Asks: 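Next up is a structure, given as structure tokens.
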Amino acid sequence: MQDNQNLHDRDLAVLWHPCTQMKDHETLPLVPIRRGDGVWLEDFEGKRYLDAVSSWWVNIFGHVNPRINAAVKAQLDTLEHVILAGFSHEPAVRLAERLVDITPPGLSRCFYADNGSAAVEVALKMSFHYWRNLGQSGKTRFICLSNSYHGETLGALSVGDVSLYKETYAPLLMESIVVPGPDCYAREPGESCADVARRQFAHMEAALSRHAHETCAVIVEPLIQCAGSMRMYDPEYLRLLRAACDRQGVHLIADEIAVGFGRTGTLFACEQAGISPDFMCLSKGLTAGYLPLAAVMTHDRIYQAFYDDYERMTAFLHSHSYTGNPLACSAALATLDIFESDDVIARNRELATHMGQAVAHLKDHPHVAEIRQTGMVLAIEMVADKARRVPYPWQERRGLRVYQHALTRGALLRPLGNVVYFMPPYVITPDQIDFLATVATEGIDLATRD
Ligand SMILES: *Cc1c(COP(=O)(O)O)cnc(C)c1O
């Protein structure tokens, strides 16, 4: 017999949950989920939760999507997995062809991995190895932005700057060059986000002049630093960065793991700056939240620097067991089919406008410093002091109060610190957005009351 309490207890007896202080669950109940349906998650007692965070930003076309289900089921009866070294299969080839087609110009090669952090590791290693193959082994460092996040494995953590995840492990990490970023929340009165981007780019310019000789690549999250509290910046920064990297002989890695596949209003965020990176990391929405898969897209110049006789030992000898898993590739292909047939980007534009309107009233809230939005990501920054933008002390866990309230109302809103955000599956309706806005408003009122 399966019910909420039963699964809850069995879970806490054996599981160790991600990104969780397990002691919290002495007072904070786990939410056991029995089934999903579109934007909804349902527990064992029939209570439903609107998945406003796309189950950690992965789900883009709803849970148990009939079209993706059909594709994965068909693949399951054909080929579940095969080694991708020395062997190949149709879904991996077809997906690579389509990714080459839809990603920015010049990205003509696809290297698979099985999660986002692994894709970042691949891009870092490939960049380093490219320079080494060219005889430039003095290039060993990476430049990243303040407040950046690129995953949790040691290499990925090394190029991140969110202290909550990084600080403890600092003694284990390589030392990256962290440059103050273009976060538009820090704008001065009268400044536009493009002004901030240009002003802050001076730091990058200085770091590149000083460190280009020892730097493999600059890694950024285009337009939105999602794990860094959904801080946003202007595409101008990416244009300047692309040009400066070219001038200085440094690669540009675009980590589109969270922002790719339509989140920012275009299929890929780099499109808004009209740039092509040297490496583009993709995961999360790639399979619409179905199965773990990642891809690193790169261009022919990189590929050719590894292409030689075996004895010259220039090959990229990196692998993951589930590289290019056929089931995951079939989910990704079905995802791209939906983008193609449903005019998703245009429909999202309407949903995004609706999302902005639905929370516009919160602008005047005494504890809301900013509502910011880029495409299908909307964030509301709660502060102790609105005029001076003084944040709440993190120990007060105001966001957690919003989370708990939302659960009672049937919504999964999982704030990042004091930032409440919507990053819903694209199958959400305007009415459901209104419901989220109501729940968020109630939650913010409650969380900022004292
Ligand atoms: C989630 C995320 C990653 C890491 O992906 P995982 O699959 O969780 O390892 C890397 N970069 C960005 C920008 C992300 O949002």
Side-chain angles (χ1 to χ4, degrees), residues 17-20 53-60 111-127 142-162 164-166 169 173 176 178 181-183 217-233 237-238 241 252-264 268-270 277 279-297 318 320-325 328 331-332 335 374-377 379 414-417 419 421-423:
H17 286 265
C19 203
T20 298
V53 300
S54 296
S55 284
W56 255 351
W57 320 342
V58 297
N59 189 298
I60 54 181
F111 188 97
Y112 288 115
D114 50 18
N115 67 76
S117 303
V120 169
E121 302 286 344
V122 165
L124 298 177
K125 283 178 72 178
M126 258 186 195
S127 172
F142 296 93
I143 295 178
C144 63
L145 297 178
S146 55
N147 192 43
S148 60
Y149 177 90
H150 296 288
E152 310 270 352
T153 53
L154 294 177
L157 261 189
S158 296
V159 291
D161 184 49
V162 178
L164 179 63
Y165 308 125
K166 181 172 184 177
Y169 308 101
L173 306 178
S176 295
V178 183
D183 177 4
V218 177
I219 181 167
V220 296
E221 298 150 272
L223 302 189
I224 313 177
Q225 296 186 310
C226 293
S229 302
M230 299 293 169
R231 293 292 176 83
M232 300 173 183
Y233 64 91
Y237 194 85
L238 297 172
L241 182 58
L252 173 57
I253 303 172
D255 175 354
E256 293 228 13
I257 290 164
V259 296
F261 299 99
R263 279 293 172 200
T264 65
F268 298 104
C270 281
F279 300 94
M280 182 182 268
C281 300
L282 303 171
S283 189
K284 293 206 166 116
L286 173 60
T287 64
Y290 263 66
L291 287 156
L293 182 69
V296 179
M297 307 302 295
H318 178 109
H320 296 285
S321 310
Y322 285 102
T323 294
N325 174 261
T335 302
T374 303
M376 288 297 282
V377 182
R414 196 176 194 276
L416 289 151
V419 175
Y421 70 90
F422 302 155
M423 193 158 164

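Counting starts at 1 for both ligands and their atoms, in listed order. In this text, all values refer to a predicted model and were calculated from it rather than measured experimentally.
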Asks: I want to know if ligand 1 touches Lys284 in the polar sense, i.e. an N/O pair below 3.5 angstrom.
Replies: yes
Asks: Please could you name the atoms of ligand 1 that Gly116 approaches to less than 4.0 Å, counting only its heavy atoms?
Replies: 4 (C), 5 (O), 6 (P), 7 (O), 9 (O)
Asks: Would you kindly specify which portion of Cys226 sits under 4.0 Å from ligand 1, judged on non-hydrogen atoms: side chain, backbone, both or neither?
Replies: neither
Asks: Taking Gly116's backbone N and O only, do any of them form a donor-acceptor pair with Lys284's side chain (distance below 3.5 Å, no angle check)?
Replies: no
Asks: Would Trp57 count as being in polar contact with ligand 1, using the rule that some N or O on each side must be under 3.5 angstrom apart?
Replies: no
Asks: Between Trp56 and ligand 1, find which residue part has any heavy-atom pair under 4.0 Å and reply side chain, backbone, both or neither.
Replies: neither
Asks: Can you find an N/O atom of Ser283 closer than 3.5 Å to an N/O atom of ligand 1?
Replies: no
Asks: Just let me know how Glu152 lines up against ligand 1, side chain, backbone, both or neither, with a heavy-atom cut-off below 4.0 Å.
Replies: neither
Asks: Report, in ascending order of atom number, the atoms of ligand 1 lying under 4.0 Å from any heavy atom of Ala258.
Replies: 15 (O)
Asks: Can you tell if the side chain of Ile224 reaches within under 4.5 Å of the side chain of Arg263, non-hydrogen atoms only?
Replies: no
Asks: Write down the atom of Leu157, the atom of Tyr165, and the distance for their closest heavy-atom approach.
Replies: CD2-O, 3.7 Å
Asks: With a 3.5 Å cut-off and no angle check, do the side chains of Ser117 and Glu152 form a donor-acceptor pair?
Replies: no
Asks: State, with a plain yes or no, whether a side-chain heavy atom of Ile257 is found less than 4.5 Å away from one of Leu282.
Replies: no
Asks: Has Gln225 got any heavy atom lying under 4.0 angstrom from an atom of ligand 1?
Replies: no
Asks: Under 4.0 Å and counting heavy atoms only, is there anything from the protein next to atom 15 (O) of ligand 1?
Replies: yes
Asks: To the nearest 0.5 Å, how far apart are CD in Gln225 and CG in Asp255?
Replies: 10.5 Å
Asks: Under a 3.5 Å threshold, yes or no: a donor from one side chain and an acceptor from the other, between Ser146 and Arg231?
Replies: no
Asks: For Glu221 versus Ala227, what's the shortest heavy-atom pair and its separation?
Replies: OE2-N, 4.5 Å
Asks: Pull out every atom of ligand 1 sitting under 4.0 Å from any heavy atom of His150, numbered as shown with elements.
Replies: 10 (C), 11 (N)
Asks: Would you mind finding which of Ser117, Ala118, Ala294, Ala113 brings a heavy atom closest to atom 9 (O) of ligand 1?
Replies: Ser117
Asks: Tell me whether Thr287 contacts the main-chain N or O of Leu291 through its side chain, where contact means a donor paired with an acceptor under 3.5 Å.
Replies: yes
Asks: Show me which atoms of ligand 1 lie under 4.0 Å from any heavy atom of Glu221.
Replies: 13 (C)
Asks: What is the nearest protein non-hydrogen atom to atom 13 (C) of ligand 1, stated with its residue, atom name and distance?
Replies: Asp255 OD2, 3.3 Å
